[in-house]
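Here the structure is laid out as structure tokens; the discussion comes afterwards.
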Number of protein chains: 2
Amino acid sequence: MEHSANVLDLNLLRRSCSSCALNELCLPAGIGRDDLTRLDGTVRDKRMLERGGVLYRDGDPFKALYVVRSGSLKTFVQNEAGDTQILGFHLPGEIIGFDALASDRHASQAEALERSSICELPYAQLQQVTSEVPALHRQLMRVISREVVEEHRHLVMMGRQQAQEQLAIFLKSLADRYERLQRDGAALTLTMSRYDIANYLGLVVETVSRLFSRMEEMGVLEVNRKAVRILRPDLLADLCRNGYPAGSRRNDAS
Amino acid sequence: MEHSANVLDLNLLRRSCSSCALNELCLPAGIGRDDLTRLDGTVRDKRMLERGGVLYRDGDPFKALYVVRSGSLKTFVQNEAGDTQILGFHLPGEIIGFDALASDRHASQAEALERSSICELPYAQLQQVTSEVPALHRQLMRVISREVVEEHRHLVMMGRQQAQEQLAIFLKSLADRYERLQRDGAALTLTMSRYDIANYLGLVVETVSRLFSRMEEMGVLEVNRKAVRILRPDLLADLCRNGYPAGSRRNDAS
DNA sequence: GCCTGCTGTTGACCTCGGTCAACCAAGCGA
DNA sequence: TCGCTTGGTTGACCGAGGTCAACAGCAGGC
């Protein structure tokens, strides 16, 4: 698995947008063949990051948007006191860096969770191309909007009280994204630490650890360090809806 | 206060973007005078909403973006079971509706918290103008990006454990936004219910109520139903940093 | 090999905030 | 004027999840 991934990386590095395996998931989705080659020209760098490598830091001047080509990253913010909040984990095909559009500086940090390759889309050039290709402009807006919707989902998750439900939703979301990438959605590789997961969900690491154990006892998962196998997707889906078939109402707004 | 706001509304309704009081806060910020008049043409409707009036629902086809001109709104999502999560409260100058860009349908609902007037920006026309005016295109991206950054702030807040800290941050954020609007940031009018505040923060209404009482006892606030006066902005700022000068470390990610 | 440090797991304990319930004040229609 | 409803406050209780602590399993350095 690890091995074949490396081979794949090398192949990807040689390719262009037009023939990239992520074509339908990435910015090019829905763009005509001819326009695609123009987009190709803007993709300057295909950067490699090692585990722990930083793509951009909070405060860095905005230069480009980035597409995850292989591997995975986390994005997070830190306050003055050093408290961290993880905003998201990013798999291949996902675009990051939008937060910098607002103020020309990044408002978060992006860090590789494993060896990852990144496509860099210099914004100046991207803007040039989008102004010439309206479909791409629309597509870019779509992608940013997806980001907003995704954050909504994160908020809803954190707003719920049941920790088990939160973890279930997190795993389900990862599984769904694996399948979009044609990977086996039942065999997850958690490239992020338990600390990262806990932070992302607004819990502490002990709680997350206990939840993994409990879900294993329930026969939902098989947990082996970073490797998590979903044995009973049906039960996992139930847990996402609060553990019991009948939905439970919460502190609904007036 | 109520009275003068109404007078202002009528004035605003007569005005165009070029002379709108929100000019510098809204989409037109940083756009040249001549380009502004073209934007003016796209602002079709100036809708009025009564308290509880719905601007758009989850699933509605995407037609336009909306600028709050006066009043205030809340946006929220609801799952199948009817659980609600409030995503944000929106004051004049703020633009909503971006969530629909991703899939051509709104993924949330927007509802007026009081009598509010709204500028409607039909997306088809807006797109036309942005393609002709690159600065406006850039500005639109900026605004969406602000939305992303704002959601990050919301996430950070919900990820913290101290309920009191959350409410302090919420009030501080409202005060800051009041001042951007040239209003008195110490005299807040909470147009949303306690239930809405609780839901927004991921708490229950009783907790919010207790926190208001506690902050009043501490001499930070003066609470009178919907009217909240910030007596000690310095103390409020302290509460935002956990209530004590020295920052406390939390479940920071590895 | 052996030490050291980091990540993850498990247990015991306790606290913050959720739950349930009673009650009050304001708004509204009859 | 009186109910009735809705929104908000306060109290008593309790449990989910946070805290503290001990320890196991690996990985890296030498």
Side-chain angles (χ1 to χ4, degrees), chain A residues 2 50-52 74 83 86 113-114 157-168 170 189-217 221-228 239 242-244 248-254, chain B residues 2 50-52 74 83 86 113-114 157-168 170 189-217 221-228 239 242-244 248-254:
Chain A
E2 282 295 305
E50 297 302 322
R51 177 183 156 77
K74 64 176 173 184
D83 295 346
I86 294 192
L113 293 166
E114 62 187 316
M157 194 164 56
M158 300 232 319
R160 299 174 186 240
Q161 79 289 24
Q162 295 281 19
Q164 181 170 272
E165 191 180 346
Q166 287 188 60
L167 186 61
F170 168 70
T189 307
L190 303 181
T191 54
M192 67 295 290
S193 72
R194 299 288 195 263
Y195 286 87
D196 285 338
I197 298 173
N199 183 290
Y200 178 73
L201 299 175
L203 303 170
V204 293
V205 65
E206 292 95 329
T207 304
V208 170
S209 187
R210 272 185 258 268
L211 288 172
F212 272 120
S213 304
R214 200 199 297 175
M215 287 188 183
E216 198 165 21
E217 275 167 32
L221 305 176
E222 186 182 279
V223 183
N224 197 331
R225 268 183 91 62
K226 305 240 165 238
V228 170
L239 293 181
N242 226 329
Y244 309 97
S248 80
R249 46 151 198 47
R250 267 304 306 302
N251 52 341
D252 291 348
S254 65
Chain B
E2 282 294 306
E50 295 304 321
R51 177 183 156 78
K74 64 176 174 184
D83 295 346
I86 293 192
L113 293 167
E114 61 188 316
M157 194 166 55
M158 300 235 318
R160 298 175 186 236
Q161 79 290 21
Q162 297 280 22
Q164 181 171 270
E165 192 181 345
Q166 288 187 60
L167 185 60
F170 168 69
T189 307
L190 304 181
T191 54
M192 68 294 291
S193 72
R194 299 289 195 264
Y195 286 86
D196 285 337
I197 298 173
N199 183 291
Y200 178 74
L201 299 174
L203 303 169
V204 293
V205 66
E206 293 93 329
T207 304
V208 170
S209 185
R210 272 185 257 269
L211 288 172
F212 272 119
S213 304
R214 202 200 294 173
M215 287 189 183
E216 197 164 20
E217 275 166 32
L221 306 177
E222 186 184 282
V223 184
N224 197 333
R225 266 182 91 63
K226 304 240 165 239
V228 170
L239 292 181
N242 225 329
Y244 308 99
S248 78
R249 42 137 200 57
R250 267 304 309 299
N251 52 341
D252 289 351
S254 66

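This one's a predicted model, so the numbers in the text were calculated from it and none came from an experiment. Throughout, protein chains are lettered first and strands after them, A, B, ... in sequence-line order, and every chain is numbered starting at 1.
Note that the two end axes of the helix from C/dG1-D/dC30 to C/dA30-D/dT1 enclose an angle of 40°, each drawn from 5 base pairs, rounded to 10 degrees.
Under 3.5 Å, the side chain of B/Gln162 and the base of C/dC16 form no donor-acceptor pair of N or O atoms. No donor-acceptor contact under 3.5 Å links the side chain of B/Arg210 to the base of D/dG8.
One finds a side-chain N or O of A/Arg194 lying less than 4.0 angstrom from the OP1 or OP2 phosphate oxygen of C/dT9. At the phosphate of D/dA16, neither OP1 nor OP2 sits under 4.0 Å from any side-chain N or O atom of A/Thr207. Of the side-chain N and O atoms in A/Lys226, none sit less than 4.0 angstrom from OP1 or OP2 of C/dT7.
Across all their heavy atoms, B/Val223 and B/Arg194 have their closest contact at CG1-NH2, 3.6 Å. Across B/Ala163 and B/Thr207, no two heavy atoms sit closer than the pair CB-CG2, 4.2 Å. For A/Met157 against A/Phe170, the heavy-atom pair with the smallest separation is SD-N, 4.0 Å.
Spacing between atom CE of B/Met158 and atom P of C/dG17 amounts to 14 Å, rounded to whole angstrom units. Counting to the nearest Å, the P atom of C/dT9 and the CG atom of A/Leu190 are 10 Å from each other. Atom CG of B/Asn224 and atom P of D/dG8 are 13 Å apart (whole Å). Atom CG of A/Leu167 and atom C1' of C/dT9 are 15 Å apart (whole Å). Atom CG of B/Leu203 and atom C1' of D/dA16 are 15 Å apart (whole Å). At whole-Å resolution of the value, CG in B/Asp83 and P in C/dG18 are 15 Å apart. Between B/Asn199 atom CG and D/dG7 atom P there is a gap of 14 Å when expressed in whole angstrom units. Here the C1' atom of nucleotide C/dC6 and the CE atom of A/Met192 are 18 Å apart, to the nearest Å.
Applying the salt bridge (charged side-chain N to carboxylate O under 4.0 Å, His left out) rule to B/Glu217 yields no partners; only residues at least two apart in sequence or on another chain are considered. The side chain to side chain donor-acceptor pair (under 3.5 Å) search around B/Arg214 returns B/Gln164, not counting sequence neighbours.
Two residues are said to be in side-chain contact when any heavy atoms from C-beta on lie closer than 4.5 Å; B/Met192 and B/Tyr200 fail this criterion.
Judged by closest nucleotide on DNA chain C, A/Glu206 is the one of A/Glu206 and B/Arg214 placed further toward the 5' end.
Taken from CG in A/Asp196 to OG1 in A/Thr191, the straight-line distance is 8.5 Å, to the nearest 0.5 Å.
Of the candidate nucleotides D/dT9, D/dG7, C/dT9, C/dT9 has the atom nearest to the side chain of A/Ser209.
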